[in-house]
Amino acid sequence: MSCGKISFKNSCERSFTIIFYALFLLLLLLFLGPNLEAEEDIVTGWDQVSILTDNDLNDVLALNETAAFAVGENGKIYQTLDSGGNWSEETSGTIQDLNAIEFNNQAIAVGDSGTVLINDGVAWIDNSINGAGNLYDLSIPYFDSFADSVIFVSGTGGEIWKWNNSSWEDLSNFTGTTNDIYSVDFVNRDEGFAVGADGLIIATIDGGLSWEVRDSPEDFREFSFYDVIIFGYKGPNDDEASPVSVIIVGENGTVIQSSGTGPTAIGYIWKVPSENSHPTNTTSTIKSISGSSRFKFWIVGDDNFVALTEDGGNSFYNQSQSQNLGSDFTAVSFWDSYFGFAVGEEGTVMYTDREGQDPRILDTAESYDTFWEYAKYAFPTLKEGMYNTLKIIVLAIFMGFTIGVTLAVFKTSQFNVRIPLSLPKKDGTWNYFNINPLKIFATIYTDIFRNTPLLVQFFFIYFGLVQVGIDLTFESILGPERALERAYGSAVVALGLNSGAYQTEIIRSGIQAIPSGQMEAGRSIGLTYLQTMRYVVLPQAIRIVIPPLGNETINLVLNSALASAIGFGELTRRGKLLISLTFETFWTWTLVLMFYFVITYTLANILKYLEKRLKIPGLGLGGEE
Amino acid sequence: MSEQESPVIRVKNLEKIYTGGVHAVKGVSFDVLPKKVVVIIGSSGSGKSTVLRCINRLIEPTEGEIFLEDVQINSPSTDINEIRSEIGMVFQSFELFMHLKVLDNVTLGLTKVRGYSKGKAEDIAKDVLAKVDMSDKIDVYPGQLSGGQKQRVAIARSLAMNPKVMLFDEPTSALDPELIGSVLESIKGLVADGMTMVIVTHEIGFAKEVGDWIIYMDEGQVVEAGPPEIIGEPKTERMKKFLGQILE
């Protein structure tokens with residue numbers, strides 16, 4: 001198999017040339033092949049309509065299909081009238097954190113330190129409760145005017161206050177608890193539920209004058225509950241609704257639903273998920289619930305959790321958006337079962353006019369029972385990610401190699417330029433010093449790229465350069481149709497430039513290992529410096545450094561994972577995406593690791609083969625005669 | 001030295017001072033006439049290799065002039081690559097291109113410098129390799145050859161370029177005594193074909209046999225110079241001492 005055999009001489013060279021051209025064609029195909037859409041432009045079920053603020057938003061209230069209020073930290077109240085396209089800030093008159101907002105003829109918001117604000121259509125009027133602690137939620141079963149209304153608010157330490165036409169009544173002593181009460185909901189003036197920390201569920205049927213504990217189902221007594229909603233039924237002759245079902249959400253992905261049968265009041269009989277499956281498929285805390293009926297509702301919570309159920313909680317559609325990875329959602333509010341707002345930390349807001357459902361993917365967040373089932377599901381996405389990774393690394397390797405050879409030749413060159421210093425000496429000769437501008441350029445380049453973190457180089461090239469007008473889509477060369485996705489162009493350039501620096505040093509060491517006699521011999525037969533480099537020195541030098549070059553290429557493959565940080569849909573980013581859709585962290589990362597291993601192992605074997613094929617017979621240790 | 005033939009190589013007042021102050025060559029002058037063999041002998045450090053390497057400008061002379069026929073080699077305006085293709089050089093350490101087969105070693109200069117087609121280059125190469133008796137090894141790699149074989153290929157490589165003069169820098173110093181013979185035979189063959197040469201060597205017997213003009217150098221200067229007979233009759237003490245040591 002060695003190239004030393006007589007008959008192999010031409011075919012060895014030929015096969016090497018063939019390999020080279022095949023790789024080059026592959027490159028061209030990848031480069032010019034159909035480009036993936038940028039990850040940011042995928043049409044999803046929700047639109048990002050965030051408010052530009054660092055304040056966390058604590059609650060949202062949908063007023064109709066397109067209008068909503070959002071309240072948050074530091075007394076912020078925002079209103080939109082165009083589905084979140086524009087938000088205007090209201091004068092709240094307070095800097096206390098506002099925790100909840102409700103509407104019944106008028107909008108009322110409550111917050112820390114007893115803050116209660118009522119909107120009379122023009123401004124927010126302060127009607128705060130003296131002596132109250134932090135208020136977390138409110139419910140307005142009846143409101144005609146402020147002087148003719150029933151309002152319940154709940155807060156820290158088991159507090160409940162009731163507004164009954166004229167004054168705030170403190171019902172805290174009747175709740176029988178000092179747990180924080182995070183949520184309260186009244187279906188009519190008399191019947192209501194309150195839930196809170198450490199599994200608290202209490203209910204009243206007499207307008208809050210007495211409260212009874214409702215035991216939560218057995219496995220759910222430790223978890224804090226953050227929101228409660230009572231779905232009621234209003235008959236044609238009824239003034240007010242009667243309760244039909246209560247749903248409570250909280251820590252550990254809990255969603256529990258209760259209904260009464262016959263004369264039993266609700267809250268005694270609970271429908272819980274069956275033992276082996278957890279329909280929300282998450283252990284993140286669920287903070288808020290909103291919906292049109294006990295069969296169709298949305299829940300949102302920590303860790304970018306957003307989900308919809310249409311079968312009363314037996315199964316959920318996961319509606320998390322990859323853009324919000326790492327955000328916690330605090331509240332959701334739907335109007336008319338199609339139009340909804342969801343808010344979260346640091347001004348995050350999403351809006352949907354289509355139930356939050358992605359028109360393309362209707363993926364049920366099933367729990368996968370075995371690794372292989374999950375692997376089958378995940379495989380297409382990860383395979384696409386792997387192709388994207390290959391797209392980057394092939395170009396980056398070639399770019400790095402070209403830069404490496406060029407700069408290594410620069411660094412070992414003798415291209416001296418004499419610069420005269422100041423004035424000539426007395427005897428007419430000049431003081432000068434020699435510099436080699438090629439060497440200086442190459443040295444500066446390698447120093448910069450080897451002494452700064454690759455991740456920061458990625459950020460600089462992707463986020464920084466665009467600010468000064470360089471956007472690496474190569475639109476001017478390729479035209480608007482073929483222009484590269486910006487993240488792709490940036491990733492290739494960043495990896496290529498960085499790898500070029502390391503390859504320069506590697507190839508330079510190879511060149512310096514070649515005895516100077518080789519250059520002398522080449523020059524002696526009349527070859528120029530560059531010709532000798534090309535035909536005599538480099539062919540030998542590169543053969544020597546194939547092992548460290550292989551190392552560097554493998555490093556490059558692994559470093560390509562950093563392209564995920566700038567939004568390019570390569571393998572690692574696909575992994576993250578899958579996790580945000582299915583929450584299967586362990587299995588996903590296992591699969592991603594396996595994919596990377598396959599890529600690098602193949603590469604390592606290619607290099608091993610190359611080394612064997614290119615070995616100079618008779619030269620070096622381990623060579624055969 | 002007759003006036004009618006102009007020298008192929010003229011060395012005039014050559015001086016070389018290395019950076020660091022070593023004054024290796026202190027004013028050397030000689031001429032090399034066509035078809036003649038000039039042999040430079042001397043102990044290590046005498047500057048003889050430096051002189052040789054100045055001729056094809058592998059070392060830049062500090063002072064003095066060197067001419068190839070009527071072109072001054074060490075002038076900045078000369079195209080040194082062209083000059084070098086007219087001067088062949090054979091190194092002590094052979095310096096074959098290890099990644100190329102024997103045939104390719106010889107054809108590289110022909111195709112890249114002279115611009116011949118591959119076919120023509122190979123024909124010339126095969127001829128030249130036959131002359132040094134290496135025809136059966138043309139598809140072998142240098143790493144698989146013995147020292148003497150390597151040196152013969154090196155001679156062929158330079159010879160193929162059809163140079164006006166060939167320089168030999170201690171061609172047999174790195175070889176075992178048994179292998180020296182074949183190399184010397186090849187060189188004698190070139191002499192018989194009328195090649196102009198400058199040889200730096202330790203082989204005094206060989207020098208006497210092929211040399212037309214012997215130069216003895218010591219400490220950077222020419223001590224004695226003359227036809228091969230001067231080896232039998234050294235005039236200076238230094239040369240006597242040198243020859244005495246060699247013949248031991």
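Remember, it's a predicted structure, so these values are computed and weren't measured experimentally. The chains referred to below are lettered A, B, ... by the order of the sequence lines, with proteins before strands, and numbering in each begins at 1.
- By the neighbour-count criterion of 12 heavy atoms within 6.0 Å, atom NZ of A/K411 is densely surrounded, having more than that number from other residues, nucleotides or ligands.
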Problem set entry | B/N81 vs A/R523, side-chain hydrogen bond (donor to acceptor under 3.5 Å, both in side chains): CA-CA, chis, key distance, verdict | CA-CA 7 Å; B/N81 297 312; A/R523 306 284 334 248; 2.8 Å; yes
Problem set entry | B/N56/A/S524 under side chain to side chain contact (heavy atoms under 4.5 Å, CB included): CA gap, chis, key distance, verdict | CA-CA 7 Å; B/N56 73 346; A/S524 296; 3.6 Å; yes
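- For NZ of B/K26, the number of neighbouring non-hydrogen atoms (other residues, nucleotides, ligands) closer than 6.0 Å is greater than 12.
- In B/E82, the CD atom is not crowded: 12 or fewer heavy atoms of neighbouring residues, nucleotides or ligands sit closer than 6.0 Å.
- A donor-acceptor pair under 3.5 Å is formed between the side chain of A/Q518 and the backbone N or O of B/L96.
- For the atom pair NE2 of B/H99 and CG of A/L614, the computed distance is 11.5 Å after rounding to the nearest 0.5 Å.
- With a 4.5 angstrom heavy-atom cutoff, B/M98 touches chain A via backbone and side-chain atoms both.
- Interface remark: B/L58 contributes side-chain atoms only to the contact with chain A (heavy atom separation under 4.5 Å).
- Heavy atoms of B/R53 lying under 4.5 Å from chain A belong exclusively to its side chain.
- Rounding to the nearest 0.5 Å places CD1 of A/I525 at 10.0 Å from CZ of B/R114.
- Residues B/F97 and A/A521 come closest through the heavy atom pair CE2-CB, 4.1 Å.
- By the 6.0 Å contact criterion, CD on B/E63 is open, its count of non-hydrogen atoms from other residues, nucleotides or ligands being 12 or less.
- For residues 531-549 of chain A, heavy-atom neighbours of chain B at less than 4.5 Å comprise A/Q531, A/Y535, A/V536, A/P539, A/Q540, A/R543, sorted by residue number.
- B/K35 NZ: 12 or fewer foreign heavy atoms inside a 6.0 Å radius.
- Under the 4.5 Å side-chain criterion, counting only non-hydrogen atoms from C-beta, B/V113 is not in contact with A/T528.
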Exercise. What's the verdict on side chain to side chain contact (heavy atoms under 4.5 Å, CB included) for B/M89 and A/E520, showing C-alpha distance, side-chain angles and the deciding distance?
Worked result: CA-CA 9 Å; B/M89 181 129 184; A/E520 281 181 352; over 6 Å; no
